[in-house]
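To start, the structure itself, in structure tokens.
One is the number of the first residue; the rest follow in order along the sequence. Order of appearance sets the numbers: ligands from 1, and atoms from 1 within every ligand.
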Amino acid sequence: MKYIVFEGLDGSGKTTVSKMFVRYLSSKNYTVFYTREPYTTEIETLIRQNQTNKTLLFLFLADRSIHIEKLKNQNVDFIVSDRSFYSTVAYQGYGGGIDIDFVIKLNEFVVDNFLPDVVFYLDCSPDIALSRSKKLDAIENKNLDFFEKVRQGYLDLAKKYNFFTINAQDSLENVFKNVIKCYETIFV
Ligand SMILES: Nc1ncnc2c1ncn2[C@@H]1O[C@H](COP(=O)(O)OP(=O)(O)OP(=O)(O)O)[C@@H](O)[C@H]1O
Ligand SMILES: Cc1cn([C@H]2C[C@H](O)[C@@H](COP(=O)(O)O)O2)c(=O)[nH]c1=O
């Protein structure tokens, strides 16, 4: 089983591209479990109620702990997830200012070695990404400076953890083609 994750800013195209990717894998007759974080409806409701950054950190960790248990029990060729552990590092760590190593340590404890095999990071400037994003709630309604920090965080993480960085400002068709090209360097 391979665990593949799509990461990026709100509006970078994760949901659209990850669903196209799932259709691609299914067309090759692979079995796929498609998922996203936040995972639980109950915790997501709390997350979207204007919490402090510290509270958000622990809500996302609790949500992830439940999510990872579900993922460990899958019996499929691929798990494809819209967001993961790295969103917490980028948003609550780099964006929210909580110590990065502390956020990584807490996440490592929660995921207990169940780490993504491949991460596609859809890189996009905050102004373009947010102009595409329709939702504006407690999390999305932060300023551009916050999202610049989150983007810088993702760029650092991409180097550290060998993400595939995809230019998400390109056309949707090219973004998807580039995802498949990267996928083929590993799996075909
Ligand atoms: N490369 C692209 N070029 C133009 N529009 C795009 C591109 N990728 C996605 N979009 C459009 O941008 C909007 C947001 O895309 P999507 O919901 O997939 O982003 P997301 O990263 O999942 O956002 P969120 O994190 O807010 O859920 C959608 O209307 C989608 O069709
Ligand atoms: C997993 C995770 C998510 N977030 C933020 C990022 C987004 O603003 C929302 C999730 O909603 P979307 O449908 O993916 O846009 O939550 C975060 O701050 N930390 C996390 O760990």
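- Residue Ser12 touches ligand 1 through backbone and side chain together, judged by heavy-atom distances below 4.0 Å.
- Taking both residues in full, the closest heavy atoms of Tyr3 and Phe114 are given as CD2-CE2, 3.6 Å, listed atom of the first, atom of the second, then distance.
- Ring to ring, Phe187 and Phe78 are close: their centroids are under 6.0 angstrom apart.
- The atoms of ligand 2 that sit less than 4.0 Å from any heavy atom of Phe60 are 1 (C), 2 (C), 3 (C), 4 (N), 5 (C), 16 (O), 17 (C), 18 (O), 19 (N), 20 (C), 21 (O).
- Considering backbone and side-chain atoms alike, Gln92 places an N or O below 3.5 Å from some N or O of ligand 2.
- Rounding to the nearest 0.5 Å gives a distance of 12.0 Å between OG of Ser26 and OH of Tyr34.
- Geometrically, ligand 1 and Thr16 share a nitrogen or oxygen pair separated by less than 3.5 Å.
- Counting heavy atoms under 4.0 Å from ligand 1, residue Ala129 does not touch it at all.
- Neither the backbone nor the side chain of Leu122 comes within contact range of ligand 1; no heavy atom lies under 4.0 Å.
- For the pair Arg23 (side chain) and Leu25 (backbone), a donor-acceptor distance under 3.5 Å is absent.
- Near Gly13, the atoms of ligand 1 lying under 4.0 angstrom from a non-hydrogen atom of the residue are 8 (N), 9 (C), 15 (O), 16 (P), 18 (O), 19 (O), 20 (P), 21 (O).
- Polar contact check, Val175 against ligand 1: no nitrogen or oxygen pair lies under 3.5 Å apart.
- Side-chain contact check for Val32 versus Asp77: every heavy-atom pair is 4.5 Å or farther apart.
- Proximity of Leu106 to Phe58: side-chain heavy atoms (C-beta onward) are separated by under 4.5 Å at one or more points.
- Close contacts of ligand 1 with Ser133, meaning ligand atoms under 4.0 Å from a residue heavy atom, involve 26 (O).
- Below 3.5 Å of separation, one finds no N or O of Val17 facing any N or O of ligand 1.
- Between Tyr183 and Phe164, the closest side-chain pair of non-hydrogen atoms is not below 4.5 Å.
- Near Arg36, with a cut-off below 4.0 Å to any heavy atom, the atoms of ligand 2 are 13 (O).
- Donor-acceptor pairing under 3.5 Å is recorded for the side chains of Gln152 and Asp156.
- When non-hydrogen atoms are compared, ligand 2 lies under 4.0 Å from the side chain of Asp10 (C-beta onward) but not from its backbone.
- When non-hydrogen atoms are compared, ligand 1 lies under 4.0 Å from the side chain of Arg83 (C-beta onward) but not from its backbone.
- Under 4.0 Å from ligand 1, the heavy atoms of Leu9 that appear belong solely to its backbone.
- When Arg48, Arg83, Glu44 are ranked by how near their heavy atoms come to atom 14 (O) of ligand 2, first place goes to Arg83.
- The contact set between ligand 1 and Asp170, taken as ligand atoms under 4.0 Å from a residue heavy atom, comprises 1 (N), 2 (C), 3 (N).
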Step-by-step side chain to side chain donor-acceptor pair (under 3.5 Å) determination, Asp123 to Thr165: CA-CA 6 Å; Asp123 183 53; Thr165 300; over 6 Å; no
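- Within ligand 1, counting atoms from 1 as listed, the ones closer than 4.0 Å to a heavy atom of Ser171 are 1 (N).
- Residue Ala168 places a heavy atom less than 4.0 Å from ligand 1.
- Here the two rings, on Phe120 and Phe21, have centers that are under 6.0 Å apart.
- By the 4.5 Å heavy-atom criterion applied to side chains, Phe33 and Asn75 are not counted as neighbours.
- For ligand 2, the polar-atom distance check against Arg64 finds a nitrogen or oxygen pair separated by under 3.5 Å.
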